Number of protein chains: 2
Amino acid sequence: MSTTSAALTRREQILKEAARLFAERGFHGVGVDEIGAAVGISGPGLYRHFAGKDAMLAELLVGISGRLLTGGKRRAAEARSGGDAAEALLDSLIEGHIDFALDDRPLITLHDRELDRLRDSDRKLVRQLQRQYVELWVEVVRDVYPAMVEPEARATVHAVFGLLNSTPHLSRPGPLPGRNAMARLLHRLARGAFAAAASNGAA
Amino acid sequence: MSTTSAALTRREQILKEAARLFAERGFHGVGVDEIGAAVGISGPGLYRHFAGKDAMLAELLVGISGRLLTGGKRRAAEARSGGDAAEALLDSLIEGHIDFALDDRPLITLHDRELDRLRDSDRKLVRQLQRQYVELWVEVVRDVYPAMVEPEARATVHAVFGLLNSTPHLSRPGPLPGRNAMARLLHRLARGAFAAAASNGAA
DNA sequence: CAGCGACGTTAATGACCGTTAACTCGCTCC
DNA sequence: GGAGCGAGTTAACGGTCATTAACGTCGCTG
């Protein structure tokens, strides 16, 4: 019961700070001494908790992909009821992804930025999880819009991920909508994109 | 007349290969020897053409942002005619951005991945160009959808950029639409997202 | 043909960085 | 109360890498 409590374990502290630093300056751009300093210990002390710098990145990326997929599967399972199930499930998937993108920006950033820095086996695992997540969406989308052909649906899902994951890229300047307004806006945009994808443009 | 000819200058070769390598493995992930090898010369020979590795990245990023902005401005200028000008201009901007995203994937990738690796002055310049480009879009979008408030329009434009720039992330596996089909699909998705943003969700 | 400038080459330098070694300290549990 | 262990510490090693130095070689020009 310790790992899920409010107070973070040392390991979790490290992972959280490492995620932030990796997202800010890239995997190769941050040294182990910096990660250590961010949690109040220094440099090689990290090796009591992780096998190496690579292991931290691997755990982060596998964790993200896994959590996304698990959340998606849970929502799909919960949706086995009602008649308009597909519509509701799509909304649920969108909502879940938005929550993730808005609340875990560093992880989202890492997710499609540092995948290539992984050992082959870890990268394969992450990619497999990502693929399953995409296929889950594709099925639901084709359930809602039966007219869509599969490659189109897959490309659309990727594009919508790009749309939903765009928030980390704009943090800095001027006036932006607040968190809830942003969540509603992104949801609307995603639905609009799917609807537009479905209206076949065979012109 | 040399820099725009079909045969690339040595400098341009280097930039092109550097862009590809940076996009594949990150700025810190590729060494100058690799870049040199990619154009048939070795390591330090690059310093006859560039002040350093940083200078290559800077030139790439400034070049991308500049070309995007220039293209956008040109399209805006060309659109000063006709009655439904705003609609057509938005379509033109979307089309231009899609062409760029589909034809210069490595540059698009670099564009929002390695900005933080720049010297302060270069980063400021790039960000300024990016901001101008965004504001150009925002104006056009608000012209087409006068009901949209500015922060909403700006967030939407960012999100649509995320959508249009999503193509580099999916190159590898299964069946995907071909280039032209993809361009049409992305265009439809973008228009759908804008339309959805405009339909105010004050529910 | 002297010479110079553009373009490369290899070798050396110096910094940085991930990882390991060796050691310390404080707590817990027989 | 001391054996053992979890969690840190600093110092050192080894490798990588951007950058510079020193040197060579064309090809053009006067």
Side-chain angles (χ1 to χ4, degrees), chain A residues 1-3 5 7-61 110 114-123, chain B residues 1-3 5 7-61 110 114-123:
Chain A
M1 71 184 76
S2 61
T3 62
S5 89
L8 294 95
T9 220
R10 191 30 60 101
R11 263 184 79 90
E12 290 165 329
Q13 277 183 55
I14 296 173
L15 282 176
K16 186 178 164 190
E17 295 302 311
R20 185 179 54 82
L21 290 168
F22 289 161
E24 277 172 14
R25 299 210 286 287
F27 179 67
H28 291 295
V30 11
V32 292
D33 290 357
E34 284 176 278
I35 303 174
V39 299
I41 75 183
S42 235
L46 296 170
Y47 285 73
R48 294 286 161 194
H49 304 275
F50 293 92
K53 201 182 157 195
D54 304 358
M56 299 180 211
L57 182 65
E59 190 158 329
L60 282 172
L61 291 185
L110 286 188
E114 308 285 357
L115 181 58
D116 307 316
R117 260 55 96 198
L118 254 50
R119 281 178 25 232
D120 266 26
S121 66
D122 291 322
R123 190 172 55 246
Chain B
M1 72 184 79
S2 62
T3 63
S5 89
L8 295 94
T9 224
R10 190 29 65 95
R11 262 184 79 90
E12 291 165 328
Q13 278 184 56
I14 295 172
L15 283 175
K16 186 178 165 191
E17 295 302 312
R20 186 178 54 80
L21 290 167
F22 289 161
E24 277 172 12
R25 297 210 288 286
F27 179 68
H28 291 294
V30 11
V32 290
D33 289 357
E34 283 177 277
I35 303 174
V39 299
I41 74 182
S42 236
L46 297 170
Y47 285 74
R48 294 286 164 199
H49 305 275
F50 293 93
K53 200 181 155 194
D54 305 359
M56 299 181 210
L57 182 64
E59 190 158 329
L60 283 173
L61 291 186
L110 285 188
E114 307 284 357
L115 181 58
D116 308 315
R117 259 55 98 199
L118 253 51
R119 278 177 28 232
D120 265 27
S121 67
D122 291 322
R123 190 172 53 245

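Heavy-atom basis, side chains included; hydrogens, waters and symmetry copies ignored. Note that the structure is predicted; figures quoted are calculated from it, not measured.
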**D/dG8 OP1/OP2 closer than 4.0 Å to side-chain N/O of A/Arg10** = yes

**Message:** Any side-chain N or O of B/His28 below 4.0 angstrom from OP1/OP2 of C/dC16?
**Reply:** no

Whole-Å distance between [N] [atom2] and [X] [atom1]?
X: A/Tyr47; N: D/dT10; atom1: OH; atom2: C1'; value: 15 Å
X: A/Phe50; N: D/dG8; atom1: CZ; atom2: P; value: 12 Å
X: B/Arg11; N: C/dC7; atom1: CZ; atom2: P; value: 11 Å
X: A/Ile35; N: C/dC17; atom1: CD1; atom2: P; value: 11 Å
X: B/Leu57; N: D/dC17; atom1: CG; atom2: C1'; value: 17 Å
X: B/Leu46; N: C/dT10; atom1: CG; atom2: P; value: 13 Å
X: B/Ile14; N: C/dC7; atom1: CD1; atom2: C1'; value: 11 Å
X: A/Phe22; N: C/dG18; atom1: CZ; atom2: C1'; value: 12 Å

Within a strict 4.5 Å, meaning less than it, do heavy atoms of the [X] and [Y] side chains meet?
X: A/Phe27; Y: A/Leu110; answer: no
X: A/Leu57; Y: A/Arg117; answer: yes
X: A/Gln13; Y: A/Lys16; answer: no

**Message:** Under the side chain to side chain donor-acceptor pair (under 3.5 Å) definition, can you give me all pairs with a residue in residues 48-60 of chain A, not counting sequence neighbours?
**Reply:** A/Arg11-A/Glu59

**Request:** Carefully, step by step, assess B/Asp122 and B/Leu61 under the rule side chain to side chain contact (heavy atoms under 4.5 Å, CB included).
**Result:** CA-CA 9 Å; B/Asp122 291 322; B/Leu61 291 186; over 6 Å; no

**Message:** Just to be sure I understand the rule, does B/Val39 reach a base, reach only the sugar-phosphate, or reach nothing, if contact means heavy atoms closer than 4.0 Å?
**Reply:** nothing

**Request:** Would you classify A/Gly31 as touching base, sugar-phosphate or nothing, given that sugar-phosphate means primed atoms plus P, OP1 and OP2, and contacts are heavy atoms under 4.0 Å?
**Result:** sugar-phosphate

**Message:** Both B/Arg48 and B/Gly52 contact DNA chain D. Taking the nearest nucleotide for each, which residue is further toward the 5' end?
**Reply:** B/Gly52

**Asked** Taking for each residue the nucleotide of DNA chain C bearing the nearest heavy atom, is the 5' side occupied by A/Asp33 or by B/Pro44?
**Response** B/Pro44

**B/Ser42 vs A/Gly29, nearer the 5' end of DNA chain C by closest nucleotide** = B/Ser42

